[in-house]
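FYI, side chains are in, hydrogens and waters are out, and symmetry mates aren't considered; it's all heavy atoms of this structure. Residue numbers begin at 1 in each chain, while the letters A, B, ... track the order of the sequences.
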Amino acid sequence: MVYDPHDTEARVQEKWRGANLFKMEEKPGVPKYYCLEMFMYPSGRIHMGHVRNYTIGDVVARFHRMRGENVLHPMGFDAFGLPAENAAIKGQAHPKEWTDSNIAAMKVQLDRMGLMYDWGREVRTCEPEYYRWNQWFFLKMFERSLAYKAKRRVNWCPGCKTVLANEQVEDGTCWRCHSAVELKEMEQWFLRISDYSNELLGGLASLPEWPAEVVAMQRNWIGRSEGAYVDFAVDGRPEKIKVFTTRIDTIYGATCVVLAPEHPMASALASAAQKSEVESFKAAMRGQSTHDRATSKEKKGVFTGSFAVNPFSKERIPVYLANFVLMEYGTGAIMSVPAHDQRDFEFARQYGLPVRVVVQPGGLTVEGMKEASPLDGLLEESGPFTGMNNREAMKVMAAKAAAEGFGEAAVTFRLKDWGISRQRYWGTPIPVVNCESCGTVPVPEKELPVLLPYDVPLTGKGESPLARVAGFVNAKCPKCGGPAKRETDTMDTFVDSSWYFLRYTSPKEKGRAFSQEAASYWAPIDFYIGGIEHATMHLIYFRFFTMVLRDLGLIPFGEPARRLMCQGMVIKDGAKMSKSLGNIVDPDAMIERYGADAVRLNILFLSPPWDQLDWKESGAEGAARFLNRVYDVVEEALPYLGGPVTPPRDGEGLALRRKTHQTVGRVTAELAERLKLNTAIAALMELCNAQQAFLSGFRQTPEERFALKESVEALVTMLSPFAPHLCDELWEKLGHEGFLVLGPWPSFDAKIATEDEVTLAVQVNGKLRGQITVARGLSDQEVLAAAKENPKVKAHIEGKAIVKELVVKERIVNLVVKG
RNA sequence: GCCGAAGUGGCGGAAUUGGCAGACGCAGGGGACUCAAAAUCCCCCGGUCGCAAGGCCUUGCGGGUUCGAGUCCCGCCUUCGGCACCA
């Protein structure tokens with residue numbers, strides 16, 4: 001009998017719908033479980049990456065529900081963003097219609113997969129009821145100076161015609177369209193994520209169930225470094241140059257001070273003689289992005305004509321501007337110590353500046369020096385500090401600087417504030433007006449939402465589209481009532497995704513972003529699944545938002561997700577699936593061919609969820625074959641299940657019971673803890689194989705009937721999170737009513753799972769020589785005696801002296817012999 | 001350069017965290033059923049020597065610890081990912 005998945009899947013899905021099975025009903029007195037997959041961008045079609053991501057979540061969510069827990073497993077849409085707008089520019093449809101119709105199409109696809117989503121909780125970020133709360137959070141942050149406007153050099157993507165956050169620049173290109181990013185001086189809104197650098201970094205230690213690589217990437221990205229600020233006086237001028245250094249111990253070796261070309265003091269420090277050179281250098285640097293400068297590596301600079309005074313040695317050293325000093329990091333100024341910093345070394349060689357060794361690791365001389373020495377050692381030529389260990393000197397010298405008022409120990413971070421202004425239409429309007437007399441004025445809360453107008457000319461030409469909508473732009477100043485103009489930039493869509501997980505807990509809530517009661521019941525997320533590409537974007541932003549929301553008193557926790565899993569990429573024939581390579585696998589076509597259950601099973605069976613996965617069609621055939629075998633086993637067993645049953649105490653019946661309970665133990669452990677879903681499926685396959693073998697020798701006794709019934713029902717139940725359609729169908733065949741997802745999960749009996757005989761391997765000198773099967777619970781002496789009796793072992797120990805005897809309970813015996 | 005992950009049969013991958021390497025599946029070979037095919041079922045399937053019993057080798061490479069190492073330690077090689085003129 002061949003099982004037809006299409007017929008079954010359609011019928012079973014209809015029953016689920018009829019029973020409103022996926023609506024979450026909270027029961028009192030049971031644990032909660034919030035299982036969340038990163039919501040989707042409504043591009044129009046789901047791909048294999050979605051299939052994998054959502055199947056993992058679905059299996060885990062179903063499992064927890066079967067165990068009787070309150071499970072929140074929602075899905076929604078990250079519905080603002082560029083593709084919708086670009087489609088409109090191409091004249092396809094209004095972004096709103098484009099988005100809505102894509103969502104409708106994708107929901108059909110998701111339902112076909114059999115995914116257990118409570119659509120009653122769906123969230124769409126482009127709805128005013130959602131984005132008004134983006135605006136509200138913005139106002140709250142504005143009140144606390146966590147949102148501010150500043151003129152900065154920002155990343156401009158000429159392809160997307162908008163500004164990008166630092167996190168959205170990859171290798172000097174736009175994360176979305178990969179155009180080379182340019183630097184532009186623009187007035188922008190920023191969120192002060194840097195205020196949370198310390199907590200974002202420290203909090204990582206409280207996330208043991210996050211993947212090590214994500215934690216490492218975030219740590220790297222936040223980039224803490226310990227050092228000191230030191231003020232250098234400028235000879236003959238009142239102002240001081242503040243530098244940041246991690247090597248204050250090398251300060252006696254500083255032979256110049258170098259400023260970034262954009263440093264605010266750069267022009268002022270130019271002497272009359274150097275003025276034109278300084279200005280032309282600044283002009284040359286202006287067009288170059290940090291990325292361009294970094295990749296050229298060549299050190300370029302110009303002397304300003306001014307001199308700085310080393311506050312320790314009082315030495316007078318020249319002040320330069322150079323391309324390798326970044327305005328964005330530290331203070332935008334450094335002290336240059338050529339002997340102990342490679343960049344400074346190269347710069348010194350280029351411009352003929354002196355090189356002086358001040359930390360002696362042993363045998364280091366300036367003559368013949370090919371590169372800087374970063375090593376530790378004892379200070380030399382360092383005034384009163386000479387002879388001191390350099391690590392010690394760092395502390396002492398920073399303390400001296402602080403005591404004398406020309407510096408202090410300091411920690412700096414690489415993490416910069418989050419620029420959220422986007423010069424595009426399809427996003428959340430920033431709730432601010434610019435009044436001629438009052439300046440920047442936030443829109444009062446009661447006027448929210450600032451609605452995104454529907455009719456907006458979209459040309460893709462570059463400035464904010466909203467600026468062309470007079471009805472939107474012209475507003476009254478909330479403060480003075482005078483004429484004002486609205487902010488026409490919209491927010492980065494990563495703002496939307498920074499708190500959506502909280503909205504799911506009370507998606508219909510009015511008057512607040514979310515119900516605080518619901519949020520503190522459900523959140524933090526127990527299990528969060530998504531792609532690793534968000535490691536330093538979404539996954540850092542939503543941690544930041546969670547901390548801010550906690551500080552606003554809205555939630556009682558600061559970390560949004562307890563456990564994170566990043567599913568591996570789905571590739572085909574060793575290459576990433578892409579349209580240009582023509583190796584896209586269409587989920588719909590796969591479901592058409594093998595059924596949703598087989599597709600789900602295959603994508604989970606092929607490798608552990610977090611590993612890269614090479615989609616193999618033959619695997620889907622294998623999965624379908626297995627489901628067929630399960631179907632056959634049930635069909636074959638069915639006629640035998642009616643008669644009287646008695647628990648078996650020995651023989652094949654007991655052996656099958658053992659296998660059944662061992663499988664329950666293994667599968668439960670995988671689903672509850674380890675989540676190596678491929679091995680859970682392997683265990684189920686083994687159980688099915690055992691049942692097949694059992695049936696071929698089935699003797700129709702009440703004992704064997706008991707074992708068979710128990711085993712088959714356990715298999716169908718445990719397979720149901722993976723292949724929910726087939727299993728619900730089989731459950732009905734087996735004479736049961738209702739749905740497997742409502743539980744219960746099979747109970748595990750350790751006593752039955754444990755064999756009363758154990759097979760041990762016997763080694764002689766660490767080499768496997770034989771096996772013995774003995775009763776459980778024998779003493780080591782008895783086990784050793786049995787081992788020595790084994791004929792194969794005997795042959796290897798005969799005539800030799802046994803030097804050592806080892807027994808590892810229920811595993812192995814090792815006899816060490818000599819001679 | 002720094003940080004992280006990984007390297008196991010023809011392939012995807014297992015291995016209870018130091019205890020029988022290769023579970024489970026895919027591909028392949030042989031057989032049964034069939035007029036035939038599909039489907040299904042049974043057997044074989046890391047390498048090597050051997051008729052066989054069995055021996056030897058084998059988890060990227062080289063050392064080490066241990067009765068015992070895919071797993072731990074030291075030193076390399078390779079691949080992938082992230083960051084990178086960050087002072």
field: Polar side chain donor-acceptor pair, A:Ser225 to A:Thr246, under 3.5 angstrom
entry: no
message: Does either side chain, that of A:Ser711 or that of A:Gln691, offer a donor lying less than 3.5 Å from an acceptor on the other one?
response: yes
Just checking [X]: base, sugar-phosphate only, or nothing, at a heavy-atom cut-off of under 4.0 Å?
X: A:Asp614; answer: nothing
X: A:Gln612; answer: sugar-phosphate
X: A:His340; answer: nothing
X: A:Pro608; answer: sugar-phosphate
X: A:Val325; answer: base
X: A:Arg219; answer: nothing
X: A:Asn689; answer: sugar-phosphate
X: A:Gly622; answer: sugar-phosphate

A:Ala398 to A:Ala228 - nearest heavy-atom pair and separation: CB-CB, 4.4 Å
- prompt: How about A:Phe406 and A:Phe312: are their ring centres within less than 6.0 Å of each other?
  reply: yes
Between atom [atom1] in [X] and atom [atom2] in [N], what is the gap in whole Å?
X: A:Glu617; N: B:A27; atom1: CD; atom2: C1'; result: 15 Å
X: A:Leu601; N: B:G13; atom1: CG; atom2: C1'; result: 15 Å
X: A:Leu415; N: B:C83; atom1: CG; atom2: C1'; result: 14 Å
X: A:Asn220; N: B:G1; atom1: CG; atom2: C1'; result: 12 Å
X: A:Ile681; N: B:A14; atom1: CD1; atom2: P; result: 12 Å
X: A:Arg414; N: B:G82; atom1: CZ; atom2: C1'; result: 10 Å
X: A:Asp249; N: B:A87; atom1: CG; atom2: P; result: 14 Å
X: A:Gln662; N: B:A14; atom1: CD; atom2: P; result: 20 Å

Counting only side-chain heavy atoms from C-beta out, which of [options] sits nearest to [X]?
X: A:Ile334; options: B:C24, B:A87, B:C26; value: B:A87
X: A:Met217; options: B:A87, B:A23, B:G81; value: B:G81
X: A:Lys767; options: B:A23, B:A27, B:C57; value: B:C57
X: A:Gln692; options: B:C20, B:G55, B:C41; value: B:C41
X: A:Tyr329; options: B:C86, B:G25, B:C26; value: B:C86
X: A:Ala682; options: B:C86, B:C24, B:G19; value: B:C24
X: A:Glu213; options: B:G4, B:G54, B:G82; value: B:G4

Paired nucleotide for [N] [Watson-Crick or G-U wobble; both distances under 3.5 Å]:
N: B:G68; value: none
N: B:A37; value: none
N: B:G22; value: none
N: B:A53; value: none
N: B:G1; value: B:C83
N: B:A14; value: none
N: B:C76; value: B:G60

On the nucleotide [N], are OP1 or OP2 found under 4.0 Å from the side-chain N or O atoms that [X] carries?
X: A:Lys616; N: B:G10; result: no
X: A:Ser225; N: B:A87; result: yes
X: A:Arg769; N: B:G55; result: yes
X: A:Lys676; N: B:A14; result: yes
X: A:Arg625; N: B:A38; result: no
X: A:Arg666; N: B:A15; result: no
X: A:Gln342; N: B:C85; result: no
X: A:Lys792; N: B:G54; result: yes
X: A:Arg343; N: B:C86; result: yes

task: Go through the N and O atoms of the side chain of A:Arg674 and the base of B:U17, and report whether any donor-acceptor pair is under 3.5 Å.
output: no
- prompt: Could one point to a donor on the side chain of A:Gln771 or the base of B:C20 with an acceptor on the other under 3.5 Å away?
  reply: yes
- request: Would you mind telling me which of A:Thr245, A:Ile241, A:Val325, A:Val257 makes a side-chain contact (heavy atoms from CB on, under 4.5 Å) with A:Ile334?
  value: A:Val325
- prompt: What do the steps show when you test A:Glu686 against A:Arg666 for salt bridge (charged side-chain N to carboxylate O under 4.0 Å, His left out), and what is the final call?
  reply: CA-CA 11 Å; A:Glu686 280 185 53; A:Arg666 281 173 68 185; 3.5 Å; yes
- prompt: Are A:Asp341 and A:Pro374 close enough that some pair of their side-chain heavy atoms sits under 4.5 Å apart?
  reply: no
- prompt: Cationic tip of A:Arg563 within the cone over A:Trp210's six-membered ring, i.e. under 6.0 Å and within 45° of the normal?
  reply: no
A:Lys299 NZ/CZ over A:Phe347 ring centroid, <6.0 Å and within 45° of normal: no
query: Is it true that A:Glu617 and A:Arg593 have a side-chain N and a carboxylate O under 4.0 angstrom from each other?
result: yes
Cationic N near anionic O, under 4.0 Å, A:Glu328 to A:Lys416: no
All N/O pairs under 3.5 Å across the protein-nucleotides 67-69 of chain B interface:
from  : atom 1 : to       : atom 2 : distance (Å)
B:C67 : OP1    : A:Lys804 : NZ     : 3.3
B:C67 : O2'    : A:Asn814 : ND2    : 3.2
B:C67 : O2     : A:Asn814 : ND2    : 2.5

- request: Name the orientation of the base relative to the sugar in B:U34: syn if the glycosidic angle is within 90° of 0, else anti.
  value: anti
task: Could you check A:Thr412 against A:Val813 and say which one's nearest nucleotide on RNA chain B is further toward the 5' end?
output: A:Val813
Residue closer to the 5' end of RNA chain B, A:Met335 versus A:Met685 (nearest nucleotide): A:Met685
- prompt: According to the interplanar angle, ranging from 0 to 90°, do the rings of A:Trp418 and A:Tyr541 count as parallel (below 30°), tilted (30 to 60°) or perpendicular (above 60°)?
  reply: parallel
